[in-house]
Amino acid sequence: MSATVTLKAVQRRFERSQNYRSKICTLSARERQSMHGSRFALVEDNTVLDVGDLHAVNRWCRDAGVLHQHEVMIG
């Protein structure tokens, strides 16, 4: 049985797990243009480490251990 988790909840979990050093940001339309259309950015100390879509957010959160196997993220 899988449980659904919202994008905002996953973002908060991720930030707490990283002791607020890293965060997942939603990019504005203008920022997306310079980031090749990506919706999200992984940011640490004002430096963009990676950009991507919901699949990337899913990967970042699973790698950090904040999204478990039985959980499905909804955007």
Side-chain angles (χ1 to χ4, degrees):
M1 185 163 115
S2 46
T4 58
V5 182
T6 65
L7 174 61
K8 285 293 183 193
V10 169
Q11 286 174 304
R12 285 192 303 269
R13 285 184 191 179
F14 182 85
E15 289 177 15
R16 283 193 308 265
S17 78
Q18 302 298 309
N19 293 319
Y20 300 96
R21 292 173 302 144
S22 300
K23 61 184 176 177
I24 298 170
C25 299
T26 303
L27 301 175
S28 68
R30 185 177 208 168
E31 291 168 326
R32 285 181 205 168
Q33 287 178 343
S34 65
M35 297 291 179
H36 308 289
S38 298
R39 265 183 76 193
F40 303 99
L42 178 59
V43 179
E44 184 174 316
D45 297 327
N46 294 324
T47 303
V48 175
L49 302 177
D50 198 4
V51 294
D53 58 8
L54 281 175
H55 295 290
V57 173
N58 189 21
R59 180 174 35 88
W60 299 332
C61 291
R62 289 203 191 278
D63 290 349
V66 298
L67 191 60
H68 305 288
Q69 291 298 90
H70 67 281
E71 295 178 316
V72 177
M73 182 182 60
I74 56 173

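Minimum heavy-atom separation, Glu44 to Ser22: OE1-OG, 2.8 Å. Smallest separation of non-hydrogen atoms from Val48 and Val51: CG1-CG1, 3.7 Å. Across every non-hydrogen atom of Ser38 and Arg32, the tightest pair is O-CG, 3.0 Å.
Atom OG of Ser2 sits about 13.5 Å away from atom CE of Met73, to the nearest 0.5 Å. Atom CG of Leu42 and atom SG of Cys25 lie 8.5 Å apart (nearest 0.5 Å).
Around atom NE2 of His70, more than 12 heavy atoms belonging to other residues, nucleotides or ligands sit under 6.0 Å away.
By the criterion of side-chain heavy atoms lying less than 4.5 angstrom apart, applied directly or through intervening Ile, Leu, Val, Met, Phe, Trp or Tyr residues, Leu7 is grouped together with Leu67 in one hydrophobic cluster.
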Ignoring hydrogens and angles, write down the donor-acceptor pairs under 3.5 Å from the side chains of residues 52-60, residues two or more places apart or on other chains.
residue, atom, partner, partner atom, Å
Asp53, OD1, His55, N, 3.0
Asp53, OD1, Ala56, N, 3.3
Asn58, OD1, Arg62, NE, 3.2
Trp60, NE1, Asp50, OD2, 3.1

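For the pair Leu27 and Phe40, the minimum side-chain heavy-atom distance is 4.5 Å or more.
The main-chain N or O of Ile24 is found under 3.5 Å from a side-chain atom of Gln11 such that the two form a donor-acceptor pair.
Listed by chain and residue number, Arg13 satisfy the salt bridge (charged side-chain N to carboxylate O under 4.0 Å, His left out) test with Glu71 (two or more places apart in sequence, or in another chain).
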